[in-house]
Amino acid sequence: MTLQEAWIRMSVVKRLGTQRATGIIHTLSDRGIYSSSELANSGLLPEQVADFQHINQHWLSASLKWLEGENCHLITFGSNFYSPLLAQISSPPLILFAEGSAELLLSPQIAMVGSRDYSHYGEQYAQVFAGGLVSSGFTVTSGLAMGIDGISHKATLEAQGKTIAVLGSGLMKRYPSCHLKLADRILGQGGTLVSEHLVTAPPLAVNFPRRNRIISGLSAGVLVIEATLRSGSLITARYALEQGREVFALPGPLGSTTSEGTHWLIQQGAYLVTEPNDIAEQIGSGLTWFPTIKVSESLKMPPESESDASEAIICAPDSEVELPFADVLANVEYEVTSVDVVAERAGQPVPEVVGKLLELELAGWIAAVSGGYVRIKRASHVRRTNVLI
């Protein structure tokens, strides 16, 4: 019996703690004997010995065969690529099957989670935060689920970042099927797929809440983008709190069911965040999320004034930034706002407002979506004016 096989067999033994299982594996491997009597002498109960000896041979063979593939890894508790953060949680997995970059599991990570049923607001800010976290040097970890999870993975890849997907099924049974291509993209861009289950394990409902402890356990903090009060994202947040991780929540529109869970988290003490740098500062990465600003040759300052100019750009307060049509912009929400509503709030004719909205869109302050416009850039000094009641 190979050591890999012994680890896999031990992973299916029920009611056995990770630390104790690891000690038994090391003892038996030193002796090179895995007989029933040796297992019993090591302290395993008869039913636990049976679990070890009578593992489903098809599942075992498939897992060992899978491990022969390129970039396919078995990461065991206490080994080089086993995350020290994950090892600290109360119930760390004994083994992890990983496809892709095993080293990525040791990188600084922020988990991004949220509801499967998401709003345009949630989608927009998942993209904003994923891009910002990549710029801050974080790996984005999530669960490959539909909704905010998938959006977070995609946005990370589009920002040329690395992302880890923790599955609730075996790595040969990737779930959901609609994200099969996304899983391939994650691997293609240097990311990692991870599961504690044998590679042939189906996506059973009971597996998904428990996999959330791995998502939070790998991460320095968990960001909840959107969540209803019954969302599985709150399970991840609960695990994060139990594990001593930071929990961040994005506030949403009042009355929105998809933000009820995040508002509840904020009431319980989660950090309210409005931009990616809030997370970087709290985690204490010492990095800045501002992307590199590319300046054309014709616009570059003389060498002696370049330093002063860069400081002025970074330090300029919002009140000094010129905004086009602030009176109209102030009446566009971060959720879909119709043209008629903007015109009514601003107290201006619709044709005039349409022209201003177009210029705001071209300037990058708002985006046209089905049903109207949404704000996509913060301007803290803009306040709604001329509201008609």
Side-chain angles (χ1 to χ4, degrees), residues 71 83 86 96-197 203 207-208 211-227 231-233 235-237 239-240 248 250 258 273 276 279 289:
N71 291 323
S83 164
L86 184 61
L96 289 172
F97 290 92
E99 185 173 1
S101 171
E103 295 89 344
L104 195 61
L105 297 176
L106 304 179
S107 64
Q109 299 166 47
I110 296 293
M112 289 185 62
V113 296
S115 295
R116 287 170 171 77
D117 297 322
Y118 60 92
S119 68
H120 177 81
Y121 173 89
E123 178 181 22
Q124 171 192 338
Y125 277 95
Q127 294 168 345
V128 169
F129 274 84
L133 290 170
V134 168
S135 296
S136 286
F138 289 108
T139 297
V140 173
T141 300
S142 197
L144 200 69
M146 293 183 289
I148 296 299
D149 285 24
I151 292 168
S152 300
H153 287 305
K154 292 174 186 175
T156 301
L157 297 175
E158 289 166 3
Q160 302 305 308
K162 299 289 194 299
T163 183
I164 296 171
V166 183
L167 278 63
S169 60
L171 295 184
M172 290 178 64
K173 300 286 186 179
R174 297 176 188 172
Y175 180 86
S177 58
C178 62
H179 281 167
L180 294 179
K181 290 184 178 179
L182 174 57
D184 289 336
R185 281 186 63 196
I186 291 172
L187 295 175
Q189 289 189 218
T192 313
L193 305 181
V194 179
S195 175
E196 66 177 319
H197 304 288
N207 293 340
F208 290 90
R211 70 89 190 263
N212 291 348
R213 84 190 194 285
I214 300 177
I215 294 175
S216 57
L218 286 168
S219 307
V222 173
L223 168 62
V224 184
I225 294 291
E226 277 191 320
S231 172
S233 304
I235 297 176
T236 310
Y239 276 127
F248 305 95
L250 178 72
T258 55
V273 292
I279 296 175
W289 74 278

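Worth saying up front: this structure is predicted, and the values here are computed from it rather than measured. For the numbers below, each heavy atom of this structure counts, side chains included, while hydrogens, waters and symmetry mates do not.
Taking the side-chain contact (heavy atoms from CB on, under 4.5 Å) definition, one finds that Q127 meets it with E123, I151, A155, sequence neighbours left out. In this structure, Y118 has no ring-ring contact (aromatic ring centres under 6.0 Å, His included) partners at least two apart in sequence or on a different chain.
When all heavy atoms of L86 and L96 are compared, the closest pair comes out as CD2-CD1, 3.7 Å. Of all heavy-atom pairs between L218 and S83, the closest is CD2-CB, 3.6 Å. Contact between S152 and M112 at its shortest, heavy atoms only, is OG-CE, 3.3 Å. Minimum heavy-atom separation, V113 to D149: CA-OD1, 3.6 Å. Nearest heavy-atom pair, G190 versus L104, reported as atom, atom and distance to 0.1 Å: O-CD2, 3.8 Å. Closest approach of A130 and T156 over heavy atoms only: CB-OG1, 3.7 Å.
Of the charged side-chain nitrogens involved, at least one lies within less than 4.0 Å of a carboxylate oxygen, so that R213 and E196 count as a salt-bridged pair.
Taking OG of S169 as the reference point, atom CG of N207 lies at 8.0 Å (rounded to 0.5 Å). Considering CZ of F208 and CG of L167, their distance stands at 7.5 Å, rounded to 0.5 Å. Going from atom CG of L157 over to atom CG of L182 covers 6.5 Å, rounded to the nearest 0.5 Å.
Residues V222 and V224 are in side-chain contact: their nearest non-hydrogen atoms beyond the backbone lie under 4.5 Å apart. Looking only at side-chain heavy atoms (C-beta outward), T141 and T163 stay at 4.5 Å or farther from each other. Under the 4.5 Å side-chain criterion, counting only non-hydrogen atoms from C-beta, L250 is in contact with Y121. Taking the side chain as every heavy atom from C-beta outward, I110 and F129 never approach each other to under 4.5 Å. Contact check for H153 versus V140: no side-chain heavy atoms found under the 4.5 Å cut-off.
Here the side chain of S233 pairs a donor or acceptor atom with the backbone of G114 at under 3.5 angstrom. Remark: the backbone N or O of F97 is not paired with any side-chain donor or acceptor of S195 at under 3.5 angstrom. Proximity of a side-chain donor or acceptor of S107 to a complementary backbone N or O of E103 within less than 3.5 Å is not detected. Formation of a donor-acceptor pair under 3.5 Å by the S101 side chain with backbone atoms of G191 is not found in this model. The backbone N or O of L144 sits nowhere less than 3.5 Å from a side-chain atom of S142 that would complete a donor-acceptor pair. Within the 3.5 Å criterion, the main-chain N or O of V166 finds a donor-acceptor partner in the side chain of R211.
In this structure, R185 places its CZ atom where more than 12 heavy-atom neighbours from other residues, nucleotides or ligands lie under 6.0 Å away. Heavy-atom neighbours of D184 CG from other residues, nucleotides or ligands within 6.0 Å: above the threshold of 12. Shown here is Y175, whose OH atom has no more than 12 heavy atoms of other residues, nucleotides or ligands within 6.0 Å.
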Next item on the list: Verify side-chain contact (heavy atoms from CB on, under 4.5 Å) between E226 and S119, making sure each step is shown before the conclusion.
Entry: CA-CA 8 Å; E226 277 191 320; S119 68; 2.5 Å; yes
Item checked: side chain to side chain donor-acceptor pair (under 3.5 Å) between T192 and E99, intermediate numbers included -> CA-CA 6 Å; T192 313; E99 185 173 1; over 6 Å; no
Item checked: Working for side chain to side chain donor-acceptor pair (under 3.5 Å), residues T139 and Q109 -> CA-CA 5 Å; T139 297; Q109 299 166 47; 6.0 Å; no
